Amino acid sequence: MTITTIAHLSEHVGETVTLRGWLYNRRSSKKLHFLQLRDGSGIVQCIATLAHFGEERFPEIGAIGYESSVMITGSVRADERAPGGFEVEAQEVEVVAATTEEYPISLKEHGPDFLLSNRHLWLRSRKQVALMRLRDQVIRSIRNFFHERDFLNIDAPIFTPAACEGTTTLFEVDYFDDEKAYLTQSGQLYMEAAAMAFGKAYCFGPTFRAEKSKTRRHLTEFWMVEPEMAYATLDDVMDLAEDMLQRIVDDVLAHRRADLEVLERDIEKLERVKKPYPRISYSDAVEELNGAGHAFEWGGDFGAPDETELSAKYDAPVLVHRYPQEVKAFYMRRDPDDDRVALGVDVLAPEGYGEIIGGGEREPDLEVLRERIAAHDLPEESFQWYLDLRKFGSVPHGGFGLGLERTVCWLAGIEHVRECIPFPRMLYRIYP
RNA sequence: UCCCCGGUAGCUCAGCGGUAGAGUAGGUGGCUGUUAACCACUUGGUCGUUGGUUCGAAUCCAACCCGGGGAGCCA
């Protein structure tokens, strides 16, 4: 007997196959049960008839609870009446394990609290399966992209001895005798070391932010890709960010169209994302905001409404570069042409999804860096190794960090980043 | 930390001083192919907690707890 998955049913029309999955939904009439089977690869309608199963077995099949695990053997046929175009005429229905109680998640609407508390089950839902598949594609595209460009994957540590940037709140953990460690909020400093060793490197791992942010754009644990290149300028960084984003969009459109449809994504909007992406300076962006009747003073960082306003007029992500030096991290290089600004870039996703990338050129000069560390009240002793990178063959270099879940959120066109990670960790929510 | 909104059946919600409701899920019965099937009947509740006002509180007031959205901060 051929065992297959629902995604491959079209290759088995006319054959008898066995599918192994879970009962997703059921509709019944006197002589027919329509069993909708879900196996992770798709959903298919299986027909169980009274004529085949008889007076005893037929009602039993009609009583199988939702999400019971079942194996169905039957013949595959194309049928226009079936959702998806194929259906299976069941010859055998074997219940592997009947549900022991009523499955809590229905096909009707649910609230976020309930769904998040049942995340382990919510993941079985159609939209969530499509979303996780999309996430997988984005991860794969990113890794392929960097691999093809000769970046070495060098992962950064999760435990770190001190803050990378000092500004945001860190999760503190005990590290053996009396020592404190922190969960990383960025692998960037380590990637700078990696870039000096390998030329081009990237890390891709979880990062942790103990910020008390409760918005649709925030998670306390999220995944970030951080490439870093030696001998690179701000323009190189912006080119890299643009190429990577375009690669992701192209791959998603090429390979995950069916999932985008399940997610009810407006695909046309993604199709309009084309290089080159608009690049505007922070100063021009401020003028643009003021011109749009959106009062904003030069010197501050943009808030979420400002970002939405800025990205609203473009189809593609917009690159905003050369922010005031004061609002940026200590390691950002100052613009030699304008001392007030740093050679940094933020990429704002379209449709109000906000900042998905932050990066730029790093300060290569040892003394400037020392002053900057002091000015930010950071403990210099924690950064000795980092300063070493400037002592031994410092070069212009740069990179960026891309927030995976925000990117997936934008591509999928959904409301909240919490759905874009399998098990979200948020302020006041760490279960399941 | 601050500002708004909410907590009533397993779930989604209505009720907003006078006997606790609907849809859905569960149960029973019906239906020749359903598309979140449909039709009939039916089980199911310390109205978040504590205190107060009142003849009477799910409903009004206070405090607390829990959740949601947003600000700040960030990807």
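A quick note: this is a predicted structure, and the numbers were derived from the prediction, not measured. Naming: A, B, ... by sequence-line order, numbering from 1 per chain.
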Is the shortest distance from a Lys or Arg side-chain nitrogen in [X] or [Y] to a carboxylate oxygen in the other one below 4.0 Å?
X	Y	answer
Arg265(A)	Glu351(A)	yes
Glu405(A)	Arg135(A)	yes
Arg279(A)	Glu242(A)	yes
Lys127(A)	Glu264(A)	yes

If you compare every side-chain N and O of [X] against the phosphate oxygens of [N] (OP1, OP2), does one of them come in below 4.0 Å?
X	N	answer
Arg216(A)	C74(B)	no
Arg429(A)	G68(B)	yes
Ser29(A)	G33(B)	yes
Lys214(A)	G69(B)	no
Arg418(A)	G69(B)	yes
His33(A)	G33(B)	no

If I pick the [atom1] atom on [M] and the same atom on [N], what distance separates them, to the nearest angstrom?
N	M	atom1	result
G52(B)	G56(B)	P	12 Å
G72(B)	C55(B)	P	50 Å
G29(B)	U49(B)	C1'	43 Å
U12(B)	G67(B)	P	15 Å
U54(B)	C65(B)	C1'	26 Å
G15(B)	A22(B)	P	15 Å
A58(B)	A9(B)	P	14 Å
C61(B)	C16(B)	C1'	14 Å

By the 4.0 Å heavy-atom rule, please label [X] as base, sugar-phosphate, or nothing.
X	result
Gly65(A)	nothing
Ser28(A)	base
Gln45(A)	base
Leu404(A)	nothing
Pro104(A)	nothing
Ile356(A)	sugar-phosphate
Pro59(A)	nothing
Tyr428(A)	sugar-phosphate
Asp346(A)	nothing

Could you state the interatomic distance from CD (Gln188(A)) to CD (Gln185(A)), rounded to the nearest 0.5 Å?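 Interatomic distance, Gln188(A) CD to Gln185(A) CD, rounded to 0.5 Å: 10.5 Å.
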
Is_stacked (Phe222(A), A75(B)) at 5.5 Å, 30 deg: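 It does: the two rings, one from Phe222(A) and one from A75(B), meet the stacking criterion.
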
When the distance from [atom1] of [X] to [atom2] of [N] is rounded to whole Å, what number comes out?
X	N	atom1	atom2	result
Met244(A)	A75(B)	CE	P	14 Å
Phe114(A)	U8(B)	CZ	C1'	16 Å
Asn118(A)	U12(B)	CG	P	10 Å
His218(A)	C73(B)	NE2	C1'	6 Å
Glu307(A)	C73(B)	CD	C1'	11 Å
Glu109(A)	A25(B)	CD	C1'	15 Å
Lys31(A)	G30(B)	NZ	P	13 Å
Phe400(A)	A75(B)	CZ	C1'	12 Å

Starting at the 5' end of RNA chain B, which residue's closest nucleotide do you reach first, Leu107(A) or Leu402(A)?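 Result of the comparison: Leu107(A).
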
Would you kindly compare Glu221(A) and Arg77(A) by the position of their nearest RNA chain B nucleotide and give the one closer to the 5′ end?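 Whichever sits nearer the 5' end wins; that is Arg77(A).
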
List the steps, then state whether side chain to side chain donor-acceptor pair (under 3.5 Å) holds for Thr233(A) with Asp235(A). CA-CA 5 Å; Thr233(A) 63; Asp235(A) 283 336; 5.0 Å; no

Determine which nucleotide pairs with [N], using a 3.5 Å limit on both distances of a Watson-Crick or G-U wobble pair.
N	answer
A40(B)	U28(B)
A63(B)	U49(B)
C2(B)	G70(B)
G33(B)	none
C16(B)	none

Measuring from the side chain of [X] (C-beta onward, heavy atoms only), which nucleotide among [options] has the closest atom?
X	options	answer
Lys212(A)	G67(B), G68(B), U1(B)	U1(B)
Lys108(A)	G67(B), C31(B), A36(B)	A36(B)
Thr215(A)	A75(B), C74(B), G72(B)	G72(B)
Arg406(A)	G10(B), A75(B), A71(B)	A75(B)
Phe34(A)	U12(B), G33(B), C31(B)	G33(B)

Checking only heavy atoms, does the side chain of [X] share a donor-acceptor pair with the base of [N] at less than 3.5 Å?
X	N	value
Ser213(A)	C73(B)	yes
Arg209(A)	G72(B)	no
Glu87(A)	G33(B)	yes

Which atom pairs, donor and acceptor, lie under 3.5 Å between side-chain atoms of residues 291-301 of chain A and protein residues at least two apart or in another chain?
unit_1: His294(A); atom_1: NE2; unit_2: Asp306(A); atom_2: OD1; d: 3.2
unit_1: Trp298(A); atom_1: NE1; unit_2: Ser283(A); atom_2: OG; d: 2.9

Ring geometry between Phe208(A) and Phe171(A) (parallel below 30°, tilted from 30 to 60°, perpendicular above 60°):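 Answer is perpendicular, since the angle exceeds 60°.
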
Which one of Asp251(A), Ile248(A), Leu245(A) satisfies the side chain to side chain contact (heavy atoms under 4.5 Å, CB included) criterion with Ile142(A)?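 The side chain to side chain contact (heavy atoms under 4.5 Å, CB included) with Ile142(A) is passed solely by Ile248(A) among Asp251(A), Ile248(A), Leu245(A).
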
